[in-house]
Amino acid sequence: MELTTALSRDLVLGLSQSLGEPEWLQNQRLAAWETFVKLPYPTTRTEEWKYTDISEVPFESLALERPTGRKGAIPEAVQARIAQADLAGYAVFVGSDLVHVELPEAYRAQGVIFTGLHEVLKERPELVRENLFKTVNWNDLVGPQARRPENSKIPALNAALFTHGVFLYVPKGVEFSKPIGVFKYLEGGHLSASRTLIVGDVNSQAVYIEEYISPTQVAPSVNTSATEIVLKQGAKVRHAHIQLLGQGFYHFHRQRALLERDAALNDLVVNMGASLSRAEVQSEMLGPGSASEMLGLYFTTGTQHVDHYTLQHHVADHAYSDVLYKGAAKDQSRTVYAGLIKVEQGAQKTDAYQTNRDLLLSEDARADSVPQLEIGANDVKCSHGSSTAPVAPEELFYLMSRGLPRHMAQQILVKGHMADVLTRIPIEPLRQYIESIIEEKVRV
């Protein structure tokens with residue numbers, strides 16, 4: 001079937017057929033499309049979108065970016081990152097095309113699978129069918145979001161129209177500490193849709209970094225992404241989502257992890273790019289002893305708008321979670337954070353924390369913060385808090401009086417503000433890279 005350009009059921013069907021997908025996946029796409037068509041977009045009347053207006057986002061007026069079959073050519077910006085990142089293996093996407101994937105034979109010999117999602121569908125379809133849409137689909141809402149189905153509108157669009165994806169499977173007992181890196185270079189001007197599926201088997205261990213990169217200025221563009229993380233008993237994963245898209249991009253990301261007994265997720269979200277971005281990060285503690293650390297860093301300039309939503313969902317007893325999101329805003333930019341700790345009735349001995357801190361570097365910058373608790377058990381330790389404050393004038397004056405130019409003084413204060421997140425990033429090359437981005441943002 002020839003693909004149409006307008007978003008439609010025929011486009012969904014034609015896309016699935018052109019990618020050679022099995023019938024079960026095609027049916028899932030069509031079900032997601034039907035949900036997308038029925039639901040309204042979230043508005044500022046939707047509680048979780050109260051501070052973010054997406055009425056001007058061109059979701060349905062852009063052509064869907066589709067694979068072209070190109071191979072081999074890696075953009076210079078990505079080459080520079082690969083050289084600096086000290087990776088165990090990596091994959092590079094340009095648009096919807098997987099142009100390069102590399103994994104040492106030693107890992108393959110242990111059963112590690114790292115490749116494009118559609119490549120795995122041909123080789124190990126059972127792994128994909130068992131786990132795809134298990135955590136992020138068009139009806140995965142928990143807590144207050146569940147009462148507002150419009151929160152599923154954008155995930156339904158992604159599920160119906162994703163054109164490419166990444167799959168990482170780490171077998172039982174296999175461990176590696178060097179990161180797997182995935183670089184997605186988007187040229188702009190399209191609607192982009194991708195998925196990531198990570199499965200950590202029993203007592204496995206891995207580090208995964210996904211980065212979104214583009215030219216610094218692009219035509220209006222929309223990127224939707226979904227990351228699904230499934231951690232079996234005792235599995236441990238460090239995960240990072242780094243968003244550095246250029247001005248002109250609207251970026252929407254939903255991530256959800258399922259943690260079984262004694263599983264651990266250490267997650268980092270860095271949002272420094274795009275004109276408007278929203279990241280929703282959720283962890284479900286399904287087994288006793290599971291633990292989720294959720295870190296966030298963001299820095300906005302100009303008229304950028306960045307929105308974060310986190311969910312710590314405690315289903316099992318004796319589980320731990322900790323959220324620490326810190327950001328800075330300058331010029332006329334705006335940041336939004338909303339987070340929920342939800343503890344089910346049977347989740348006794350829950351230990352959960354949530355903290356958001358924002359620094360304002362100009363009088364016109366704005367930060368909104370809404371931490372929340374929903375506690376159903378009576379034997380728990382839960383706390384939440386947030387603060388928003390401008391740069392202390394006396395601190396800035398002190399540093400400048402010692403001979404530092406204003407931008408360098410602000411740089412020191414911003415890095416100091418974000419230090420307790422940065423010091424919790426154990427991957428040295430990644431920490432250095434993020435620090436360099438912060439330094440550049442302060443100078444702009």
Side-chain angles (χ1 to χ4, degrees), residues 85-89 114 135-136 166 168-170 174-182 196-211 227-243 253-271 279-298 308-314 316 318-327 337 339 341 350-357 418-435:
D86 190 24
L87 302 169
F114 173 58
T135 72
V136 178
V166 181
L168 174 65
Y169 170 72
V170 188
V174 173
E175 299 182 5
F176 54 92
S177 56
K178 273 192 173 185
I180 292 286
V182 176
T196 297
L197 177 55
I198 300 170
V199 181
D201 215 328
V202 176
N203 295 327
S204 62
Q205 183 173 310
V207 183
Y208 182 97
I209 300 172
E210 57 184 5
E211 299 189 20
T227 295
E228 304 186 85
I229 303 174
V230 179
L231 301 183
K232 304 295 186 180
Q233 181 174 331
K236 294 177 173 58
V237 165
R238 290 191 177 276
H239 175 270
H241 175 93
I242 316 293
Q243 186 271 116
H253 176 70
R254 179 172 288 183
Q255 173 184 311
R256 189 160 172 244
L258 305 182
L259 285 71
E260 297 184 7
R261 177 184 288 270
D262 298 325
L265 173 66
N266 301 91
D267 184 72
L268 171 69
V269 170
V270 177
N271 266 327
E280 302 176 14
V281 181
Q282 309 172 15
S283 284
E284 307 262 339
M285 275 56 73
L286 302 179
S290 55
S292 172
E293 179 186 56
M294 302 157 74
L295 304 176
L297 285 172
Y298 46 97
H308 292 94
Y309 176 85
T310 65
L311 171 66
Q312 302 150 263
H313 187 198
H314 285 262
H318 293 84
Y320 170 84
S321 68
D322 183 21
V323 163
L324 178 59
Y325 271 55
K326 303 193 83 170
Y337 170 82
I341 299 174
T350 286
D351 195 5
Y353 306 90
Q354 182 188 101
T355 305
N356 176 228
R357 301 277 187 261
M418 297 182 174
D420 48 353
V421 177
L422 289 166
T423 55
R424 287 164 72 170
I425 302 172
I427 308 164
E428 182 65 24
L430 179 60
R431 182 167 63 246
Q432 292 175 352
Y433 179 54
I434 295 169
E435 288 179 351

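We use all heavy atoms of the structure for the numbers below, so side chains are in, but hydrogens, waters and symmetry mates are not. Heads up: numbering here begins at 1 and tracks the sequence.
Side chains of H308 and M294 form no contact here, defined as non-hydrogen atoms less than 4.5 Å apart. The closest side-chain heavy-atom distance from V270 to L268 is below 4.5 Å. Between Q312 and S283 the shortest side-chain heavy-atom distance does not fall below 4.5 Å. With a 4.5 Å cut-off on side-chain heavy atoms, I434 and M418 do not count as touching. L430 places a side-chain heavy atom less than 4.5 Å from the side chain of I209. Put simply, the side chain of N356 does not reach to within 4.5 Å of the side chain of T310, judged on heavy atoms. The closest side-chain heavy-atom distance from V170 to Q205 is not below 4.5 Å.
Atom CZ in R261 sits 12.0 Å away from atom CG in L286 (nearest 0.5 Å). T135 OG1 to E228 CD: the interatomic distance, rounded to the nearest 0.5 Å, is 3.5 Å. The line from NE2 of H313 to OG of S321 is 11.0 Å long, rounded to the nearest 0.5 Å.
Nearest heavy atoms, L231 versus A263: CB-CB, 3.9 Å. For the residue pair I198 and H239, the shortest heavy atom distance occurs at CD1-CD2, 3.9 Å.
The only member of V421, L422, N266 that meets side-chain contact (heavy atoms from CB on, under 4.5 Å) when paired with L295 is V421.
The aromatic rings of F114 and Y208 sit perpendicular, their planes meeting at an angle over 60°, well past the 30° parallel limit.
The residues K326 and D420 are annotated as salt-bridged, a charged nitrogen and a carboxylate oxygen being separated by less than 4.0 angstrom.
Looking at Q255, its side chain never comes within 3.5 Å of a backbone N or O of T227 through a donor-acceptor pair.
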